[in-house]
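One structure is given here, and the rest of the page talks about it.
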Amino acid sequence: MTLQSAGQDVFGIESQLSETRVFAPNAAFAKQAHIGSMEQYTREWERSISDPEAFWGQVAKQLHWFKPWNKVLEWKAPDAKWFLGGKTNLAYNCIDRQVKAGRGNDIAIIWEGEPLPNGKPEVRRLTYADALAETSRCANALKAMGVKKGDIVTIYMPMVPELAIACLACVRIGAAHSVIFGGFSSSAIVDRVVDAKSKVIITADGGWRRGGIVPLKDNVDEACKGTDLIKHVLVLKRTAQDVAWTNGRDMWWHDAVDKASADCPCEEMDAEDLAFVLYTSGTTGKPKGIMHTTGGYMVYTYLTSKLTFDLHAPSPGAPSKQVYWCTADVGWITGHSYIIYGIMPNGVPTLMFEGAPNFPDAGRFWDMVQRHRVTHFYTAPTAIRAFMKWGDQWPKKHDLSSLQLLGTVGEPINPEAWMWYHNLIGGQKCPIVDTWWQTETGGHMITPLPGAIPTKPGSCTVPFFGVDAAIVNEKGEEMPANTGGLLAIRKPWPSMLRGILGDRERFIETYWSTIKTKDGTPYYKAGDGARRDSDSYFWVMGRIDDVINVSGHRIGTMEVESALVGHEAVVEAAVVGMPHEIKGTGIAAFCTLAPGVHVDDALRERLRSHVAKDIGPFAKPDVLRFTDALPKTRSGKIMRRLLRDIASGKAQVGDTTTLEDYSVLAKLKESEEG
Ligand code: WT7
């Protein structure tokens, strides 16, 4: 196998690829794997593409349906309907189906809270029977608050089992959920609540992070001042700190849920009924509510979980040989699909954790792997790079011999981090699955299957079954090998987004209007630049729009810009991504200031905390630079590519022929943070 050389192509997608290492699947692993060879992968992939209806129909039969579908797929671009006429329920397939199969006393969820001041880790284990009772109680409590099928319930909780329970309770009664990551601020909650017209929020008095308390309830109270939509707030007691209370609106979980009946039949959902909305960043300041429906999402996350992670359900009543841990927060799509909805139907215990990777020390993850005998470990490249920096002594202090498979997600992984993961964490024996996908795709799209696909550090390798991925230009023509282009998906897949809540136009504009083939068929545009090598392996280079991936958190540069100009000191702001050793991409903000504003570190701090308050702490700029003017074209467009070059410290900035005022450039270079 050979690989491409460095270069820059027409899309400005840069590549420094010189990676030539190839790792064959571990033979012992391949022997027991669902998909055990490249031949089997190729055969199945071709079948899934040539006859998707037969392929997905067969997969869907492995799950429970109240009523079978009449038709597997109806596709009229950009609208896909999967399993038409079928009736099912996500919660039923996660929980009830396992209980019915005799797994009532088997472990469904293992949870570990942030270590308490006495140093003891708090651990809870929920069986499928526990999950069934608790989910049903919570569902009945929601019903008592007037939640009905079709409503959207907002969930803003710490990483505790009740977060998974709350999600499952919603889908059990046919309400969709909108989970907001606990790192978001109160104004982000208002925007999302208003967009989803939520009347109920489920939250907690607080959550633990690095020994401190995240004031979730305070943030909800603040948000409720910004909208009068919220009628009920269900509050889990987690930290037991004092919180303000609004009688009639606020209700404790231990009052409302614990006292509710544990009997709540599942709503029979149409396969195309809304399952959840999840807000993600796009190129405008307004986040978009990505809609996922029930049947296709369920089938696709089930199969990707099973095959990408090679999960094997234990016999009912027998302890599971596998313990699966995804370190993501349920507030992101990774947590939805690969902590809850894809994993639970596979019957393998899913581990959830609260806290941070470096608290109480940088050994937290490895200590947990050792104590819980974790076999499958799924995390983000940014975490891996942070661990590399914290030093090899932390993983080396722990027994990681239980690990059998490693995964990464969220951003491109640099080959150096891949090798460290492979050597230090995987002991050179664990396959690494580098899974490329998005909030919009619902599940893994391009990923190695661990028993079948040889891996190359930094490549997410080959498409999953049913995925027709390609590198194309704007006419939909495929780019030759080793040439950068737009990453596109040419055929529908079961868990594809069904739209953006309340914004049909933006849905079409964002995903379906850039790549138009000769016959007018649009392709799904992922928003990433990528290339394929001569073995047809995919290498994702990163976003080509105004979205950046900071530590695996997706942020729109426009969101940060509007936060900055919302501050009285800032007149104009332009935000770009810049290379960052740990985060992958850091945030650089260029601002022009109001007259008389004095530039000093205190101003930088004020602006950073302003952004934290407006969006969330994870969106704080890493670098703030102040300038008299931003570089613009003669037609007044900010030249972001130029700013990107300056932010990344390039000596030579790109093409400046359209720059209006050349003196801006020299001044910008001088504006570096002191
Ligand atoms: C964007 C989607 C998918 C769950 C977490 C992120 C980037 C994701 C990879 C990967 C290279 C990746 C892309 C994508 N991305 N996984 N394995 N290799 N890039 O979901 O917040 O919707 O972000 O994350 O740029 O477009 P998201």
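One-based numbering, in listed order, for ligands and for the atoms of each.
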* Structure fact -> Closest to atom 9 (C) of ligand 1 (heavy atoms only, candidates Arg543, His336, Gln438, Glu411) is Glu411
* ligand 1 to Thr435 polar contact by distance, N or O atoms, under 3.5 Å -> yes
* Asked: In a check of ring-ring contact (aromatic ring centres under 6.0 Å, His included) between His444 and each of Phe309, Trp436, Tyr302, Phe464, which one passes?
  -> Phe309
* Asked: Can you check whether Thr280 has an N/O within less than 3.5 Å of an N/O in ligand 1?
  -> no
* For the residue pair Ile384 and Thr408, what are the closest heavy atoms and their distance? -> CD1-CG2, 3.9 Å
* Asked: What part of Val547 sits under 4.0 Å from ligand 1 if we count only heavy atoms: the side chain, the backbone, both or neither?
  -> neither
* Could you tell me whether ligand 1 has any atom less than 4.0 Å away from a heavy atom of Trp332? => no
* Is it the side chain (CB and beyond), the backbone, both or neither of Pro412 that lies under 4.0 Å from ligand 1, heavy atoms counted? -> both
* Residue Asp434 vicinity, atoms of ligand 1 by number, heavy atom under 4.0 Å -> 10 (C), 17 (N), 18 (N)
* **Ion pair check, Lys525 and Glu474, cut-off under 4.0 Å** => no
* Counting from 1, what ligand 1 atoms have a heavy atom of Ile333 closer than 4.0 Å? -> 4 (C)
* Asked: Closest non-hydrogen protein atom to atom 2 (C) of ligand 1, residue and atom name please, with distance?
  -> Trp437 O, 3.7 Å
* May I have the step-by-step check of side-chain hydrogen bond (donor to acceptor under 3.5 Å, both in side chains) for Thr435 and Tyr378, ending in yes or no? => CA-CA 10 Å; Thr435 59; Tyr378 191 33; 2.6 Å; yes
* Asked: What protein heavy atom sits nearest atom 23 (O) of ligand 1, and how far away is it?
  -> Arg554 CD, 3.5 Å
* Just wondering, are more than 12 heavy atoms of other shown residues or ligands nearer than 6.0 Å to CD in Glu477? -> yes
* Structure fact -> Near Asp528 (heavy-atom distance under 4.0 Å), the atoms of ligand 1 are 13 (C), 14 (C), 25 (O), 26 (O)
* Asked: Counting from 1, what ligand 1 atoms have a heavy atom of Asn549 closer than 4.0 Å?
  -> 1 (C), 7 (C), 13 (C), 24 (O), 25 (O)
* Could you tell me how the ring of Trp332 sits relative to the ring of Phe181: parallel (under 30°), tilted (30 to 60°) or perpendicular (over 60°)? => tilted
* Asked: With a 4.0 Å cut-off, would you call Asp434 and Lys456 a salt bridge?
  -> no
* Asked: How does Thr439 reach ligand 1, if at all, at less than 4.0 Å between non-hydrogen atoms: by side chain, backbone, both, or neither?
  -> both
* **Cation-pi, Phe184 ring and Arg192 (6.0 angstrom, 45 degrees)** => yes
* Could you tell me whether some N/O pair between Thr334 and ligand 1 is separated by less than 3.5 angstrom? => no
* Work out whether the distance between some heavy atom of Gly410 and some atom of ligand 1 is less than 4.0 Å. => yes
* Asked: Ion pair present between Glu416 and Arg21, side-chain N to carboxylate O less than 4.0 angstrom?
  -> no
* To do: For the pair Ser305 (side chain) and Gly342 (backbone), establish whether a donor and an acceptor sit closer than 3.5 Å, ignoring hydrogens and angles.
  => yes
* Under the 3.5 angstrom rule, does the side chain of Ser459 hit a backbone N or O of Phe538 as a donor-acceptor pair? -> yes
* Structure fact -> Numbered in order shown, the ligand 1 atoms found under 4.0 Å of a heavy atom of Val409 are 3 (C), 4 (C), 5 (C)
* Which atoms of ligand 1 sit under 4.0 Å from any heavy atom of Val540? -> 11 (C), 19 (N)
